[in-house]
Amino acid sequence: MNDTRIRHVVIVGGGTAGWMAATLLARALGPGVAIRLVESAQIGTVGVGEATIPQIRHINRFLGIDEDEMLRFVHGTYKLGVQLNDFGRLGDSYLHAFGDLGLPLGLTPFHHYWLRSHSRADAPGLWAYSLNAAAADENRFAPLEAVPDSPLGGIRYAYHFDASRYAQYLRERIAPGMVQRIEGKVVQVRLRDGDGFIESLQLEGGERVEGDFFIDCSGFRGLLIEEALHTGYENWQHWLPCDRALAVASAPGDRMRPYTQASARTAGWQWRIPLRHRTGNGHVYCSRFVSDDEATAQLLANLETEPLGDPRPLRFVTGMRRLAWSRNCLALGLAAGFMEPLESTSIHLVQSGISRLLAMFPDRQCDPQLVDEYNRQTRFEYERVRDFLILHYKATERTDTPFWRQCGAMEIPPSLARRIDLFRRTGMVFRESDELFTEPGWVQVLLGQRIEPARHHPLADALTDEQLDGFLADIRTLIGRAKNTLPPHEQFVARAAGRVAA
Ligand code: FAD
């Protein structure tokens, strides 16, 4: 029998996606599969991407990364969620906190008990039942597995970091000995006669790089997946109309917040991300509604600290590659698609694409059914993230600018319309299959964007008023106590830095 095993994987691109793919595949596949990565210093990386979601911590475990050491290298801080300002109405502010909300009773999710209580004028808000939110509110942070002496979950966290330093960390500290790095610019992609599989890459100096399987991490252009294989791009700008960003660093702030801030502007929103050595800022906006000059002015007027340079412009088209996997080529990162960083999902989509590839690792023939299954699962994941992001725009009562009026009036995908409608009528929200965002995430954003359910789950009426009050008060007490044990975020970061040998 022919040996059809894949022996040589070639990755094009040395940004976050490329180095994540290289190190994770090398560790998972072992020495039987050679991993080579081609990158070009001439072209450079996109170099933004400072906020993550908690799943990134699985990578550390898998690669044996020491969290303290890695965070020192990438100037990292900890993240408990995203604070969203001025999205529902001007003046609104809510946190999409990671982690649990309260505690379900039996099969009934917690938020139904809260919905029942919340008709009373003095009822505490939903976020009184989130440990992450309570800690964020006082700028506190420390890892905590669970709330002591209780069934409540603990702190769930991610990182803020300098994304180009993260790629550099993987390259310098993890990849040596596992991945062969090739410096060079790919100038031609050679396809095999007959089936059109990629056969080799031609570098500028004439060198040829052959492989059995190719991973396109070349950024927005999609050098292999689009320019060579022409898989096509599905444009989602009619739902997510922002198409430009300006990124600028500023001096560190006097408060190191353990959360990302996303504040709506006249035609988009602005991020603020605390790192150890600086603050990351950026304005994501829709060029049809605001000029570049005006967007720059809005960004600079809303910095908390002195800018450390000029804003750097970026352009993008929101959407996804029609096929993330075509023939013997898989696209990851910006080459696979792009959705704005409002919920910090891009790096995660790279990570889940790699996990999916490993779960479905092919032989050299790349069975078309396997490829279809990968593409089906990828589409499902992207579309659910897309819906979550659209919710932030659609569920607005803002009418103060043409951009927000258009967002409030736009047609949305039926999958999202159904979810909003169900929540409005019943208070119910269900996580579909293994989609990224959980019920507590959806509930916080739905309520944070002012979608009020008409009722709660009938099973939440099983408690008497006294039982309900006691249940809610106990959770608040436990969360309050646990929160008080956490140190200031800044202090925890300093301690973590001190734990690393210089
Ligand atoms: P890139 O960083 O663009 O890397 C492309 C690589 O391909 C480079 O190494 C380049 O040298 C190489 N290359 C290209 N052409 C060739 C060639 N011909 N020959 C050889 N090499 C070549 N994500 C998050 O998770 N959180 C965030 O907060 C976040 N914020 C963002 C904000 C903005 C404004 C933008 C635009 C993106 C943001 N992202 C965020 C997304 C994140 O930046 C990317 O997902 C991530 O950096 C991965 O990029 P990449 O590796 O796919 O591409």
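Just so you know, ligand 1 is whichever comes first in the structure, and atom 1 is the first atom listed for that ligand. Numbers here are sequence positions counted from 1.
Contact residues of ligand 1 (protein heavy atom closer than 4.0 angstrom to a ligand atom; sorted by chain and number): Gly13, Gly14, Gly15, Thr16, Ala17, Glu39, Ser40, Ile43, Gly44, Thr45, Val46, Val48, Gly49, Glu50, Ala51, Gly184, Lys185, Val186, Cys217, Ser218, Gly219, Arg221, Leu223, Ala245, Trp271, Leu314, Gly333, Leu334, Phe338, Pro341, Ser344, Ser346, Ile347.
By the 4.0 Å N-to-carboxylate-O rule, Arg321 lies too far from Glu234 to be salt-bridged with it. The existence of a salt bridge linking Glu304 and Arg272 is confirmed by a sub-4.0 Å separation between a basic side-chain nitrogen and an acidic carboxylate oxygen.
With hydrogens and angles disregarded, no donor-acceptor distance shorter than 3.5 Å links the side chain of Gln444 to the backbone of Gly448.
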*Evaluate the side-chain contact (heavy atoms from CB on, under 4.5 Å) criterion for residues Arg386 and Met339: first the C-alpha distance (whole Å), next the side-chain angles of each, then the deciding distance (0.1 Å), finally the verdict.*
CA-CA 7 Å; Arg386 174 201 69 190; Met339 285 183 269; 3.8 Å; yes
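When each of Tyr159, Tyr166, Phe161, Tyr169 is paired with Phe73, the ring-ring contact (aromatic ring centres under 6.0 Å, His included) condition holds for Tyr169 and for no other.
Legend: salt bridge (Lys or Arg N to Asp or Glu O under 4.0 Å) pairs involving residues 328-343, not counting sequence neighbours: none detected.
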